[in-house]
Each structure stands twice: as C-alpha cells, then as structure tokens.
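In what follows, every heavy atom counts, from backbone to side chain, and hydrogens, waters and symmetry copies are set aside. Since this is a predicted model, take the numbers as computed values, not measurements. By convention in this document, chain letters (A, B, ...) are assigned in the order of the sequence lines, proteins followed by strands, and residues within each chain are numbered from 1.
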2 protein chains.
Amino acid sequence: MAPLDMKTADPELMRAINRFHVMDAIRRFGPISRVEISDRTQLSATTVSAITAALLDDALIMTHQLGGIRDAAARGRPRVMLELNPAAAHVVGVKLALDQITVATTNFSADVLSSLVLPIRLHRQPVSVIADLVEDGIRRSVADAGLTMEQVSGVCVGLPGVVERIAGVCRASPIFGERDVPFAAELTARLGGVVATIDTDVNLVTLAEHWFGQARGLDDFLVISVELGLGLGILHNGELFRGANGLSPDLGDLMVRAPDGSGAVRLASAASEASMVAEAQEILAGSEHEHAFRLGRGIDKILELAAAGEPRILALLDRAGGALGFAIANLITLFAPPKVILAGAALEAGEALVGPIRRTVTELLPASLADVSEIVVHHWRDDIWARGAAAMTLRDLYGAPWNTTGPVVHR
Amino acid sequence: MAPLDMKTADPELMRAINRFHVMDAIRRFGPISRVEISDRTQLSATTVSAITAALLDDALIMTHQLGGIRDAAARGRPRVMLELNPAAAHVVGVKLALDQITVATTNFSADVLSSLVLPIRLHRQPVSVIADLVEDGIRRSVADAGLTMEQVSGVCVGLPGVVERIAGVCRASPIFGERDVPFAAELTARLGGVVATIDTDVNLVTLAEHWFGQARGLDDFLVISVELGLGLGILHNGELFRGANGLSPDLGDLMVRAPDGSGAVRLASAASEASMVAEAQEILAGSEHEHAFRLGRGIDKILELAAAGEPRILALLDRAGGALGFAIANLITLFAPPKVILAGAALEAGEALVGPIRRTVTELLPASLADVSEIVVHHWRDDIWARGAAAMTLRDLYGAPWNTTGPVVHR
DNA sequence: TACGTTTAATAAACAATGCGGATTAAATCT
DNA sequence: AGATTTAATCCGCATTGTTTATTAAACGTA
C-alpha cells in the first residue's frame, strides 16, 4: 500500500476548511453579517474578517447594499451583510433521461438563467451521438443565458444508472448500450476547456433537496425517484453516500420479494414507470384503452385510470407500492434516516401508490425503527435537477476540503 | 439549527490530525523508523520528529531496542525503530451473547493478557443483574492480568442488536427484555472512574478485521456473522458505517423474500442459528435425533447431519443460504465492497451453507457488480472480539480527530 | 453641533504549527 | 583517520487562528 491516503494537515488545509465553513454559512444564511458568521461557525471575528476579505477580493461574495432591515432599537455600527456574488461563476446542469435531455444554466447562487428541454429518445444511441446532442444543448443554453463558454466554470451531467463520479465513468445505464462509458471525458473533450463531470441524476436532486428543498439542513435523508427508471439518493452524515470507489448504487438493482410471492425480482421490474406501463399495457390489451399506450405517455393513462378507480390498475399500483415499500423498509433499517422523500410522475397517483408504500414500510419495519422516518412526497419542478447540478459543481469550486471526492479532471 | 456542526480548524486540530497519522502508521507498520513514517504519511521529517518526540515523552510509543535487521549493504546512520508501548494503556473488551459472556483484558498493542468465559444464559435477565455479572467479569479479568482497575483506560462492550454507541444506549437487543437500555452509563457507574462504552458485537469484530485480520488495510468490506442472532458490520471509506444518529443497523431486521416464496420474512427468522435450530427441531421431531436438540447445542447436530448428507437438513441450509444471499446481494448493490467476510458456527457447514449463499448472490447481483465482491469465510478465534473492543477503545484514546463520533462519557 | 454610547470590523501582538535548508549524529567504507 | 552516507535534529521563516486593543460607523443626548 502506498502512502496513507488520508490527508495530512498543514496551514493551507486549515485555511481551506475554514474558508469552506464561511462560504457555507454565507450560502445557507446569506445575506449574513460577519458577526453572525463568527457566531455560527465558532471562528473568531478576526478570522472571519480575514477570510471574507479574501473572498471579497476574489469576488466570490459581495456586500448586500440594500441596507438590511435594522431593528428600530438597533444601536451601534450597523452590520454589513454579505452574500454570494451571483456573477462569480456560472455552471450548466444537464439531465439525461430515456425520453429527453434537460439543460439549464445557473449562476453562482444556483438561480436558473436559462433552460431548455430536448424531447429526444436516447435509448441505445451511440455515445458520440448523445455527447453531440448534449454539447449542442449546452452551447445553446449558455447562449440563451447571454453568456459565452469562457464564462462557464463547469458542467455537471446527471443520468440514471450506476455512475462512478470520481472516474467520470458510467458503469451501466439504460441510456447507453455500452458499459463503462467515460462520458465525462467524452464531453469535456467537446467543450474546449470547460470541465464536465457526471453523477447519478438522483444524487443531483438529493443535493438540491439538501441545499434548497425539503431537506434543507437535514443531515440524513433518502430520495427515491420513480421515473421511467428508479433512482436512489442517500444523504448520510451530511454527505452524499456512495459505495466503495464512489460507485453510486442503483435502486433498480435492489432485489425485492416478487409481488406475486414467487421469489425475487429486481425492483426496476416491479415498480418503475417503465414496468408499470408495460404491465398495464398487458392488462388492458384489447380494451378501449389499449391505443393510449402507443403515444408514449402511458403513465398518464395509468394515473387517469387510477383516478377513475379502475380496479386492475389499482391492484397494479398496490403491487408496485408493496415492492417499493419492501425496499424502503430495508433502506430505513440500514440508514435510519429521519426523512424519506418520494418523487416522480407515478407519485401523482396519490394514495393509490403512496398508501401501499406506507403500509408496507410500517408492516415490515422492526418496532425499534417504527417512528424514525417520515415519508413525504415532493413534487419537483423541472429545474430542480439543474439546481442540483449547479450545487454539485459549486461544491467542487469551494468544496469541502476534507473529502477527497473531487472528480478527476479530463482534458 | 445551532452552530455549524463540522469542526473548524485551528493549529491544535492540525496537530491532532497529524499526530493521528503518525500513531496510525506506527500501529500499522511498527516497528517503523521516522523516515519511513515520513514517507508513508507525506509529513516532513521535521514534523515527524517533533510528533514522535512528544509521543515518546508521553510514553505512548517506545524505541525498539533489539536493533532492526540491517541490510548487509546498509550505509549511514542506522534508523531508530519506533513501536507502540504496550504498557501505555490497558483496556477491557466484553462480548455479550445470549448464552455466554466473554471478557478479555488487552494492552495498548491489543495483545490479550487474560480472558475468561462465563457460560450464563442472559436471556431476559434484568439489566442490573447483567451489569453486575459483567462488572464481576471485568474485575476478575483485570486481576488475572495482574492489573488494578486504576490501570484500565477504558471498557468496551459488544452486544447484538440495535446500538446507539454515541449515546451509550442499546435500543433493542435479544439480550435485554427492555428497550432503550443505557447500558454504558449503567456499567460506568459500577466501575468507579473507568469509562465503559457499548457497540454492536459485529462492529467490534469488523474493526478487528480491519486492524489485524483478513481485511487489514482494506477500506471497504462487510462482515456478516451467523450466530444465535445475525450480525452485520460495515466498513465504508475506512470508517465503521452507522446509520443516522450513530444507530448501527441490525442484519436480522432486513427483510428477505420468504424461502418458500410466500412473501417476506425477517432475515433473523430465516437464517439465524436460532431459527435454523428451531426449524431442524421441527423437521426431526419424533426421529432418533430429536433429543440432541434439548442439549442446547443444536447447531452442532445440524452440522453433523449436514456432513452425513441428511437431505432435509441440506434443504434447510439451502433455504437459509438463499435468504442470506438475497440480503448480501442487496448489501453489495448498496455498498459495492470488494470483500464480504462470513463467520459463525453455522458456516462450519461449509459448502452446504456457503454454496447456496454464493449461488444466490451471483444469481441476484446485476451484471455491473458481478465481480466487485469476493466472499470469504473467516473462522474467528474467541479473542477477536476482545481485540476489536480494544481497537475501539484505543481509537478513542488517540482517535481520528475529524470524526465527532466519540462516545458520550457518563460519570 | 459636539460629545458619549454602542456595536461592528479591523489592526497589532502573540503562540502554535509545518516546512525547507543547514547542521549534527552515527554508522560504514576506503 | 578521514571520507561518505544516511538519519535525525536545529534554526529561521511563512502561514494560520486567537486574544486584546483600536478604529469605524451608527444613534442618543445635551
């Protein structure tokens, strides 16, 4: 074994750690004054002053001019409020799904400046074709935002499947026909100097939930997305959880009891949108509804029939919910997260799907963990992925120095 | 939310981090010279010199007098070898199982100085009775080692179930009738100044495997123990994995498909020693073997019959292996560990149990993870638990400063 | 308007740390 | 005995965070 892999400490690391804490406080609570940063971080006022001076110098933060609302009874020298400088950097977030590409450009505060959707079926396209499409989308979104590529600090691509972020390699994904696709390198090569990284789509939204969403400030929670495929994001101890080597797990690969009790099946084939649509298509073969599934949005038809109370569809959703509940119960047993966030078009079915999930989780969870987790449904706006991608890239820009999880830079 | 919870950096933390790295290098590779520490840790020779001087001053390490074996062609000033000072501290490790208490006293190098086994059925004894028994065992083991309680730096107790180490509370365990037992406090109160901590029994052995055993230097692996109950230990990114709030998960609480395909069952009721014995007893009711199960060591009878090729026992082991394989496949999907270590009396059945485990894992694992994990069986000596408890306590003594995971001290 | 009070932010002095280069220590080689 | 080689330490320097003192910028009051 080579040198011990943990980082040793020197003054530079010390500064990096404290700079991160200051940045994090400004991001989370800004506009915020130096005194309050000092309070929250437990750093001395002097240190905060020195660090903020450097950050102002680098134009990463700026003073909030529109004087803060001073308490009427305020005395003494007023606090100068500090906040992120939105113009300090711009990043592009991309989400690849089986049926579309979403691209958005954001500023340093993760505000979306421009976004676009390319409704293209990517299924089994060659990697180079997909990379070309993504490149075009990025360049167009950047132009729409009134920026040039030189002003873009980073690009982050989220996609379903098994992703090794550090290496920039997609080990397996429904998007690609091949295995072990070095998509980060592929894309970076096309962008002329702008570094692209990749991650699981759900990891992006998990980070977005942590920074902006329902789990703000919560250090442990799960995100489960039910789209064409299934996604799992885990925030554990304030950090995105990844398996060994930074390999993000794929929820669809988890095994569950078969809904009909006949053994084990992949969760993806029991509870993903794709599997539900296929099953519904089979159930309704020959009926008046059959043709609706030809149009590609079979899930909408399922929701419609569920709302109408069609019993076979309700039974289908019940089985899917049972399978999801099984997997979620096991995840709660392992991670004990206070919150589990569900999202995805299928969740629009409401109690028809969520009910069985909750019921199964309650049924299968041991008594000692009965009350640790709250299961909530969150309806995402389209841009949450982009904000997550932005957060991921911003984290790299001023990221936590104690994690060696930064991605490899391909040039 | 109060102050940001991550530690801020100051010179003291810097020194603590580097001191840890030096200690860790000495522990892992000692006897080791200062230059080699410098090489391995990437710290400058000056810094290593300063830190080792302080450690020598505190008598935590000592110079290795029996001059190292110098290469015949060696030139220059000889290296002075450094190693842990075994007498620097002593700790006591305790393991509670349903049928016995094991106690061992070790020195600073985790060598076992004395150990004893109390074959007592703890099942549903009052907490105070168990604490009394443990106290007696500890005092006797310490005396056997020729030490006084004043010389003991810490006590660590491992037990099955759901344990919240930081709080020192056992949330649920087959050992205790009650829930939420503050056993660390209970025991510390009896030991007059010596601090006791608790943890999952498997976590202790996981740390022992990491420090001394088959997984030395491996940063990611799983440990699965099949005893009367089931245990799961996870080393992830070089750290013991715990759920939110430091809650260690219980393998027995994981749900698996029922072996007969009729739904879901707790793994504990499908593959633990207890469940296998109960099932075997039922299968063999009325046969010549029935009375063997009255003697308490039913697992031995199972192994004997498996070796003899008794088909119903082989089928039983096959079902249990299938259930374990199901759970292990899901764990591999989540954690992607390069190694999975199995242990426990039931594993003596050899291929009759391990075969089905391997087969099921191979069958259920997705192709992208087919080759990441090696499954091995490790036969533990009785003292491995004690060494793990020692390692756990030593880690607290000179522990990783960046983890806020130290246990609460009750007095 | 002048001056005191209050609070925020910075400056100066100090202590701890790690590092690079020079120096000393301890062995072998010639 | 002196040169050579390698290990370990000493010295001076740069960086950092903290404490204490000082300045800055507001308001209140006479």
Could you tell me whether a side-chain N or O of B:Asp220 sits under 3.5 Å from a main-chain N or O of B:His236, the two making a donor and an acceptor? no
Gap separating the CG atom of B:Leu82 from the OG1 atom of B:Thr63, nearest 0.5 angstrom: 7.0 Å
Atom [atom1] of [X] to atom [atom2] of [N]: distance rounded to whole Å?
{"X": "A:Glu36", "N": "C:dT7", "atom1": "CD", "atom2": "C1'", "result": "15 Å"}
{"X": "A:Asp39", "N": "C:dT7", "atom1": "CG", "atom2": "P", "result": "14 Å"}
{"X": "A:Ile37", "N": "C:dT7", "atom1": "CD1", "atom2": "P", "result": "20 Å"}
{"X": "B:Lys7", "N": "D:dT16", "atom1": "NZ", "atom2": "P", "result": "22 Å"}

With sequence neighbours excluded, what pairs up with A:Arg27 under the salt bridge (charged side-chain N to carboxylate O under 4.0 Å, His left out) test? A:Asp24
Is the ring pair B:Phe241/B:Phe335 parallel, tilted or perpendicular, if the boundaries are 30 and 60 degrees? perpendicular
Proximity to the side chain of A:Arg34 - top-ranked nucleotide from D:dA25, C:dA9, C:dT28: C:dA9
Does B:Arg75 place a side-chain N or O at less than 4.0 Å from the phosphate oxygens OP1/OP2 of D:dT6? no
Where B:Asp10 and A:Met14 come nearest, the two heavy atoms and their spacing: C-SD, 3.7 Å
Reading nucleotides 15-25 of chain C from 5' to 3' and marking B where a protein heavy atom lies under 4.0 Å of the base, S where only the sugar-phosphate is that close, and - otherwise, the string is --SSBBB---B
Verify side chain to side chain contact (heavy atoms under 4.5 Å, CB included) between B:Met23 and B:Ile61, making sure each step is shown before the conclusion. CA-CA 9 Å; B:Met23 273 301 255; B:Ile61 64 172; 4.0 Å; yes
